[in-house]
Each structure stands twice: as structure tokens, then as C-alpha cells.
Colleague: 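First, the structure itself, so that you have it in front of you.
When a residue number appears, it is its place in the shown sequence, counting from 1. What's counted below: heavy atoms across the whole structure, side chains too, no hydrogens, waters or symmetry copies. None of these values were measured; they are calculated from a predicted model.
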Amino acid sequence: MNMLKQLNTAIEYIEANLCAELDLDTAASIACVTVDSFIRFFSYMTGMTLTEYIRRRRLTLAAQELQHSKTPIIDLAVKYGYDSAAAFSRAFAKQHGITPSVYRKDGGSLKVYSPVSFHIMVKGAKEMDFRMIELEETVVYGVSRQYEGQGFQNREELRHSMWANDCDDIPGQLCKGGWNQPGSTSYDGVWYGIWQDGKYMISRERADVKTGELETRILPAGTYAAFKTECGGLAWKELPKLFELIFDSWLPASEYKQKYDLAIEVLHLWTDHDLRQKNRYYEVWIPVEKI
């Protein structure tokens with residue numbers, strides 16, 4: 001349970017410094033994880049980015065102060081992190097549906113957000129196909145895209161975009177051929193989706209990619225907690241649920257903590273459409289160490 005306590009203490013630090021220059025390194029240090037791990041974990045657990053949470057909380061506090069004080073709007077704008085009254089008014093109206101000046105004069109309804117807290121919630125017994133594996137150092141080759149600051153609502157949106165056919169045909173950059181080609185097995189086997197350093201990378205091992213200028217990534221050797229889905233599901237449905245179970249239920253209650261800012265999706269896929277629909281399954285590997 002130490003992890004839950006550390007996470008909630010990190011949130012307490014953020015809440016205490018909402019009107020100051022927040023130091024995410026300090027928040028992550030309190031939670032005993034890297035900054036990227038903290039940001040990713042927060043996103044998976046709450047369904048919003050940490051940046052969005054901070055913005056919503058600041059605008060919630062600003063609305064409360066607007067109602068109960070006569071502080072000039074420009075001063076509130078500066079206090080809650082905005083360069084001008086106009087920028088503050090736009091953000092306020094986007095969240096609350098009303099401008100600060102109109103709300104102060106006439107009142108109205110608001111969209112407020114309470115401080116987040118993390119708890120273990122048991123919603124029936126959910127079976128998890130889990131094992132510990134010892135991974136040897138593995139080099140993979142692929143194409144990555146930046147997640148942070150690129151306008152994606154969440155990580156699932158980025159993943160879905162990159163695997164879609166209309167996104168530069170990233171699988172086609174790795175392998176010859178394409179999905180659903182009769183007689184082809186070029187896409188059969190293991191694919192990796194790697195979350196690291198604010199990026200998502202679609203990759204494969206050397207034997208499974210065609211020659212070309214691809215990025216390389218080293219998957220470090222060590223102990224990994226590996227979780228597996230059932231066969232036949234869709235990645236965009238199954239992987240978010242698996243991540244939620246790992247970070248919401250398993251990791252906080254286990255004797256392990258995440259070792260690196262790294263999460264590996266392992267996709268077992270087939271070129272043939274019917275085989276893929278029937279047999280595909282997914283895993284998530286998390287590097288861990290004992291607490």
C-alpha cells in the first residue's frame with residue numbers, strides 16, 4: 001500500500017502548489033517514480049492528462065475565489081497561471097461555459113473538479129493472466145511519434161492513429177506487404193508498442209523487419225510483470241482495460257514497483273484477416289523491482 005500513500009502525497013504537493021511554479025520532478029520524487037512514469041500513470045488512472053487536471057483545478061479554485069472575493073480579474077488571471085485577462089477569460093469560459101465577468105455579476109452554474117485521490121477499488125473478482133518473466137536485452141526497430149504536447153486527448157488516441165492505415169502506413173514501413181494479403185505471412189508474429197520518454201513506438205525485432213532507416217530501441221534486460229488478454233479482442237479496447245487493471249489494482253497491492261519509465265505492449269498478430277480476428281491477443285510487460 002506504500003505506493004498509494006506516495007501517490008496521494010504527491011497529489012497533496014500538487015494541490016498545495018497549484019498557484020505556484022509546480023515542480024513535477026518533486027511530485028514524481030514524492031511518488032518514487034520518474035516524471036514520465038508519474039504523468040503516464042496519472043493519465044491511465046484518471047482519464048485525463050496531468051496538465052489538464054492542473055488546469056481544471058486552477059479554474060475551479062479561480063471560480064470559487066471569483067465568487068467570494070473582489071479580487072480584480074487580471075489579478076486572478078496572474079495568480080492562476082495566465083498571462084492576460086483575455087487568456088484567463090477564454091479558459092474560464094471553455095471550462096465553465098460562462099465568462100468570469102458575467103459569472104461575478106450574475107452567477108451561474110460551474111463545472112468544478114475536486115482533488116483526485118487514489119484508492120484500490122474492488123469491483124468483483126477480475127481474473128488476470130499474469131506471470132513474471134526474465135527478459136534478455138532486446139533490440140527492436142520501428143517508428144515512433146511524440147505523445148506529450150501533440151494535441152492527442154489521451155494515449156489511446158495516439159495508438160489508434162498510429163496503427164490506422166491513414167497514418168503514414170507505419171506497419172508498412174517496417175514490413176513488406178500489407179494486412180489481408182492472400183498467401184502472405186509478412187505481418188505474422190510479434191509486434192511491440194513501446195511507451196517511453198513521452199513517445200509511442202511501433203516496432204519489431206530485426207528478423208521481422210525489412211531493411212531501411214528505422215529507429216532502434218533497446219529493451220533492457222531484467223524482470224518484467226507480464227499480463228495477457230484473451231484471444232480475439234481489439235487492441236484499442238483490450239489494452240486500456242489491461243493497463244487499468246495493472247496500475248489500478250495489481251501494482252499498488254503488489255510487492256513491486258515499476259523500475260523504468262517503460263511499458264511494452266506485445267501484440268501477437270496475423271497477416272490473414274480471419275486468423276487475426278480469431279487468434280490475436282495482447283500482452284503488457286512492465287519492468288519491476290521489489291519495493
Side-chain angles (χ1 to χ4, degrees), residues 1-69 71 75-83 87-88 91-92 94-96 100 110-123 147-149 153-155 195-198 225 240 243-263 286-291:
M1 302 297 179
N2 286 342
M3 184 177 181
L4 285 178
K5 182 178 179 180
Q6 292 158 355
L7 286 167
N8 284 319
T9 303
I11 295 300
E12 290 172 4
Y13 163 78
I14 291 173
E15 286 292 322
N17 291 277
L18 279 173
C19 296
E21 191 69 29
L22 271 171
D23 184 356
L24 293 186
D25 286 317
T26 299
S29 178
I30 293 171
C32 297
V33 295
T34 66
V35 172
D36 284 340
S37 291
F38 184 67
I39 290 171
R40 185 184 64 253
F41 183 89
F42 188 94
S43 178
Y44 278 125
M45 292 290 290
T46 65
M48 74 180 83
T49 66
L50 182 57
T51 300
E52 179 70 5
Y53 170 78
I54 292 170
R55 185 186 68 80
R56 290 177 178 182
R57 285 290 298 139
R58 283 174 172 170
L59 290 171
T60 294
L61 296 181
Q64 294 171 353
E65 189 166 350
L66 192 68
Q67 183 180 27
H68 299 295
S69 78
T71 304
D75 292 342
L76 289 178
V78 173
K79 180 177 180 179
Y80 291 103
Y82 293 89
D83 295 332
F88 172 68
F92 191 95
K94 182 178 179 181
Q95 175 163 315
H96 297 297
L110 299 171
K111 292 183 179 179
V112 298
Y113 294 86
S114 300
V116 71
S117 61
F118 297 105
H119 307 273
I120 293 178
M121 183 177 295
V122 180
K123 303 176 182 178
Y147 164 64
E148 302 295 346
Q153 294 295 316
N154 51 51
R155 291 172 178 266
W195 295 104
Q196 189 175 33
D197 300 331
F243 272 108
E244 182 179 356
L245 283 172
I246 293 168
F247 286 100
D248 192 8
S249 298
W250 183 83
L251 194 59
S254 76
E255 57 182 341
Y256 295 95
K257 63 180 180 179
Q258 190 174 10
K259 189 173 182 180
Y260 309 112
D261 171 37
L262 173 65
I286 306 292
V288 295
E289 61 184 354
K290 288 282 186 73
I291 296 174

Colleague: Does R58 reach the main-chain N or O of L18 with its side chain, forming a donor-acceptor pair under 3.5 Å?
Modeller: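 Checked: pair present.
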Colleague: Which atom names give the shortest non-hydrogen contact between D261 and S37, and what distance separates them?
Modeller: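 Heavy atoms of D261 and S37 come nearest at CA-OG, 3.3 Å.
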Colleague: Side chains of E65 and K79: closer than 4.5 Å at any heavy-atom pair?
Modeller: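 The answer is yes, as the side chains (C-beta and beyond) meet within the 4.5 Å cut-off.
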Colleague: Specify the closest pair of heavy atoms between G198 and D36, including all atoms of both residues, with the distance to one decimal.
Modeller: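 Looks like N-OD2, 3.9 Å.
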Colleague: Counting the benzene-type ring for Trp, do F42 and Y53 have ring centres under 6.0 Å apart?
Modeller: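 F42 vs Y53: aromatic centres under 6.0 Å.
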Colleague: Hey, are the side chains of L7 and I30 touching, using non-hydrogen atoms and a 4.5 Å cut-off?
Modeller: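 With C-beta onward as the side chain, the pair stays apart.
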Colleague: Please check this pair: side chain of D75 against backbone of T71, looking for a donor-acceptor N/O pair closer than 3.5 Å.
Modeller: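 Such a contact is absent between D75 side chain and T71 backbone.
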Colleague: Looking at every heavy atom in both L262 and I286, which two are closest together, and how far apart are they?
Modeller: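 Answer, listing the atom of L262 first, then I286: O-CD1, 4.5 Å.
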Colleague: Which label fits F41 and F247: parallel for a plane angle under 30°, tilted from 30 to 60°, or perpendicular past 60°?
Modeller: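 Correct class here is perpendicular.
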Colleague: Quick one: does any side-chain atom of Q6 pair with a main-chain N or O of A10 as donor and acceptor, under 3.5 Å?
Modeller: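 No.
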Colleague: Between L61 and Y80, does the side chain to side chain contact (heavy atoms under 4.5 Å, CB included) criterion hold? Intermediate values first, please.
Modeller: CA-CA 9 Å; L61 296 181; Y80 291 103; 3.7 Å; yes
Colleague: Give a yes-or-no answer on whether the side chains of Y260 and Q196 include a donor-acceptor pair shorter than 3.5 Å.
Modeller: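 Not at all, the side chains of Y260 and Q196 share no donor-acceptor pair under 3.5 Å.
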Colleague: Please walk me through it: do Y13 and D23 pass side chain to side chain contact (heavy atoms under 4.5 Å, CB included)?
Modeller: CA-CA 9 Å; Y13 163 78; D23 184 356; 3.4 Å; yes
Colleague: Any chance the side chains of T49 and T51 put a donor and an acceptor closer than 3.5 Å?
Modeller: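 T49 vs T51: no donor-acceptor pair found between side chains.
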Colleague: Just wondering, do Y256 and E289 contact through their side chains at under 4.5 Å, heavy atoms?
Modeller: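 Side chain of E289 against side chain of Y256, heavy atoms only: no contact under 4.5 Å found.
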Colleague: Are any non-hydrogen side-chain atoms of L59 and Y82 less than 4.5 angstrom apart?
Modeller: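 In short, these two side chains touch, coming nearer than 4.5 Å.
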Colleague: Honestly, is R40 close enough over W195, meaning NZ or CZ under 6.0 Å from the six-membered ring centre and within 45° of the axis?
Modeller: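 Verdict for W195: no cation-pi partner in R40.
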Colleague: Does T60 use its side chain to pair, donor to acceptor, with the backbone of R56 at less than 3.5 Å?
Modeller: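 Between the backbone of R56 and the side chain of T60 there is a qualifying donor-acceptor contact (under 3.5 Å).
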Colleague: So do S43 and M48 actually touch side chain to side chain, heavy atoms under 4.5 Å?
Modeller: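 No, side chains not in contact.
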Colleague: If I take atom CG from residue L251 and atom NZ from residue K257, how far apart are they, to the nearest 0.5 angstrom?
Modeller: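 Reported to 0.5 Å precision, the distance equals 11.0 Å.
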Colleague: How long is the span from the CD1 atom in I14 to the CG atom in L24, to the nearest 0.5 Å?
Modeller: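 It is 6.5 Å, given to the nearest 0.5 Å.
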Colleague: Could you grab the distance from atom NZ of K259 to atom NZ of K290, nearest 0.5 Å is fine?
Modeller: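 Going from NZ on K259 over to NZ on K290, the span is 13.0 Å.
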